[in-house]
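What you see below is based on every heavy atom in this structure, not just the backbone, and it leaves out hydrogens, waters and symmetry mates. Here is the naming used below: chain letters follow the sequence lines, and residue numbers restart at 1 for every chain.
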Number of protein chains: 2
Amino acid sequence: MRTLLTMTEKTDGATKTPRPYHHGDLRRAILTAALDVIAADGPFALSLRDLARRAGVSHAAPAHHFKDRTGLLTAIAAEGFGLLAQTIRDAADLKDAGVRYVRFAREHPAHFQVMFAPDLLRADDLELTTARALAGDALREAVTAVNPENRGTDARLAGIAAWSLAHGFATLLLGRNLDDPVGDRDPEEVFRTLATMLFRSA
Amino acid sequence: MRTLLTMTEKTDGATKTPRPYHHGDLRRAILTAALDVIAADGPFALSLRDLARRAGVSHAAPAHHFKDRTGLLTAIAAEGFGLLAQTIRDAADLKDAGVRYVRFAREHPAHFQVMFAPDLLRADDLELTTARALAGDALREAVTAVNPENRGTDARLAGIAAWSLAHGFATLLLGRNLDDPVGDRDPEEVFRTLATMLFRSA
DNA sequence: CCCACAACTTGACACTGACAAGATTGCCCG
DNA sequence: CGGGCAATCTTGTCAGTGTCAAGTTGTGGG
C-alpha cells in the first residue's frame with residue numbers, strides 16, 4: 001500500500017493505472033527483488049510476503065510463479081548455473097575459466113550463494129539439474145583443454161584442484177574473510193597468481 | 001506428556017527428582033540439538049521452539065541463554081572457531097593443517113557451515129571475534145612455518161592459496177558437489193594430492 | 001463471441017521469534 | 001539455619017511468515 005508504484009516501471013506500454021491487476025512480468029520482478037534482498041542480507045532475510053509487497057501485489061501472488069520459497073530459490077540457482085555455464089564456456093583457457101568463476105561470484109553474489117546452498121533447493125528440479133550439468137560440462141571442458149604438460153597428474157584431480165581453488169577463493173571473498181590479506185589489490189589479479197601457483201607447467 | 005516433570009511434589013529435591021524445574025545444562029543441550037538440526041537440514045531449518053521442545057523446556061527458555069536466534073548461531077560459530085584453532089595448532093606442517101581443515105569440516109559440518117555464513121552471525125560479538133582471531137593466528141602460523149623453498153612467492157599469497165584450496169575443497173565436499181569426482185576415495189587423501197600440486201618445491 | 005485458463009486476490013490456519021511479566025529454585029550471606 | 005536474591009524457567013501475547021483453499025479478474029485462442 002505504501003509502495004503503489006515505486007520505480008518498477010520497466011516495460012509497460014499503458015502506464016496509467018497504478019495497479020493493473022496483471023503485473024506484466026511479475027516473475028522477473030520477484031526474482032530481481034529476491035536477488036537484491038539476498039545480496040544485501042542473505043537468503044535468510046528473504047520473505048515471500050516482503051517480495052510481494054515490493055512488487056505491489058498480494059501476498060500469495062509469488063506462489064503462483066514459484067510454488068513456494070524453495071521453488072523461488074531453486075529458480076534462482078538454476079538461473080545462476082545457466083549464467084555460470086555461459087561464462088565458463090567463453091573462457092580462453094583453464095586459468096581464464098577460474099578468473100571468470102571468481103568474477104561471476106562477485107558480480108552475482110546472490111546467485112552464487114544460493115547455488116551452493118543445497119538445503120535451500122529442490123534437488124530433483126529439472127531446470128536446476130540440467131543447468132547444473134551444463135555448468136559442469138563447461139568446467140570439465142575447460143579442464144581437459146588445459147595444456148597437458150602435467151601428464152603425471154590425473155585430469156580429474158586437476159579439475160578438482162582448480163575448482164576447489166576458485167570456489168574457495170570466491171567463497172572466502174564473498175564472506176569478507178580475505179579483506180585484509182587481499183587488501184586493495186584486484187581480486188582477479190590475486191587469483192591469477194594463485195592459479196599460476198597451482199599449474200606452473202612452463 | 002510434557003508436564004510430567006513440572007508441578008512435582010514439594011520433596012526436598014536434593015536426591016530425588018532427576019530433572020525438576022532447572023534443566024541442569026540447558027545451554028549445552030540446546031547447542032547440541034541445534035548442531036544436529038543444522039547438520040541434517042541446514043541452518044534454515046533451525047527453530048528455537050523446536051529446540052526447546054527437544055530439550056523438554058518451554059518455548060522461551062533458550063532465549064535466556066542465547067539472546068535470540070542470531071545469538072545461538074553466533075555461539076555455535078565461536079565454538080567452531082575455537083575447535084578449529086585448536087585443531088590447526090596441532091598440525092605438523094602446512095599440508096597437515098590443510099588436511100585437518102578438511103577433516104574439521106567433515107567432522108563438524110554444522111559448525112563449519114555457520115562459521116562462514118556471516119549474515120547469520122552477530123559480527124561484533126566478542127567471543128566470536130576472539131575465537132576467529134585465534135583460528136586466523138593458527139592458520140597464519142602454519143603458513144609462515146612452511147618450508148620456504150618457494151622464495152619467489154609472497155608468503156601472504158601462499159596463505160591465501162592454501163586457505164582457498166582447503167576451504168573450497170571442504171565446501172564443495174559438504175555441498176555434495178564432489179561425489180562423483182572423488183568417488184569412494186578417501187577425501188583427505190585426495191586433498192593431500194591437491195596440496196602437493198599447489199606446493200611442489202622439489 | 002465466449003470460455004477455459006492463467007494471473008492475481010482474499011481469507012484462513014498453524015507456526016515462528018521476540019518480548020513482558022510471573023513462577024520456581026539454587027545458593028550466598030547474614 | 002533461614003531469608004532473600006538472582007539465575008533459571010514458564011506462561012501469555014503479538015506481529016509476522018509460509019502455505020493452502022477458494023474466489024475474482026483479465027485474456028487469448030477456438
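- Atom-to-atom, CG of B:L72 to C1' of C:dT16 comes out at 15 Å; the value is rounded to the nearest Å.
- For A:H64 and C:dA7, the shortest distance from a side-chain N or O to OP1 or OP2 is below 4.0 Å.
- When all heavy atoms of A:A77 and A:L128 are compared, the closest pair comes out as CB-CD1, 3.8 Å.
- Here the C1' atom of nucleotide C:dA6 and the CG atom of A:L26 are 13 Å apart, to the nearest Å.
- Regarding A:I30, its CD1 atom lies at a distance of 12 Å from the C1' atom of C:dA7, rounded to whole Å.
- Within the structure, side-chain hydrogen bond (donor to acceptor under 3.5 Å, both in side chains) pairs that include any residue of residues 71-83 of chain B comprise B:R28-B:E79, B:E79-B:H111 (at least two apart or interchain).
- Partners of B:R122 under the side chain to side chain donor-acceptor pair (under 3.5 Å) rule, at least two apart in sequence or in another chain, are B:D68.
- Within the structure, no pair that satisfies the side-chain hydrogen bond (donor to acceptor under 3.5 Å, both in side chains) test touches residues 38-49 of chain A, not counting sequence neighbours.
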Protein N or O to nucleotides 17-20 of chain D N or O, pairs below 3.5 Å:
from: D:dT17; atom 1: OP1; to: A:R53; atom 2: NH2; distance (Å): 3.4
from: D:dT17; atom 1: OP2; to: A:R53; atom 2: NH2; distance (Å): 2.9
from: D:dG18; atom 1: OP1; to: A:L48; atom 2: N; distance (Å): 2.8
from: D:dG18; atom 1: OP2; to: A:L48; atom 2: N; distance (Å): 3.1
from: D:dG18; atom 1: OP2; to: A:R49; atom 2: N; distance (Å): 3.1
from: D:dG18; atom 1: N7; to: A:R49; atom 2: NH1; distance (Å): 2.3
from: D:dG18; atom 1: O6; to: A:R49; atom 2: NH1; distance (Å): 3.1
from: D:dT19; atom 1: OP2; to: A:R69; atom 2: N; distance (Å): 2.9
from: D:dT19; atom 1: O4; to: A:R49; atom 2: NH1; distance (Å): 3.2

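- Shown here are the side chain to side chain contact (heavy atoms under 4.5 Å, CB included) partners of A:H65, two or more places apart in sequence or in another chain: A:L26, A:R27.
- Taking the side chain to side chain contact (heavy atoms under 4.5 Å, CB included) definition, one finds that A:A39 meets it with A:P109, A:A110, sequence neighbours left out.
- In this entry the distance linking CZ of A:F44 with P of C:dG17 reads 14 Å, nearest Å.
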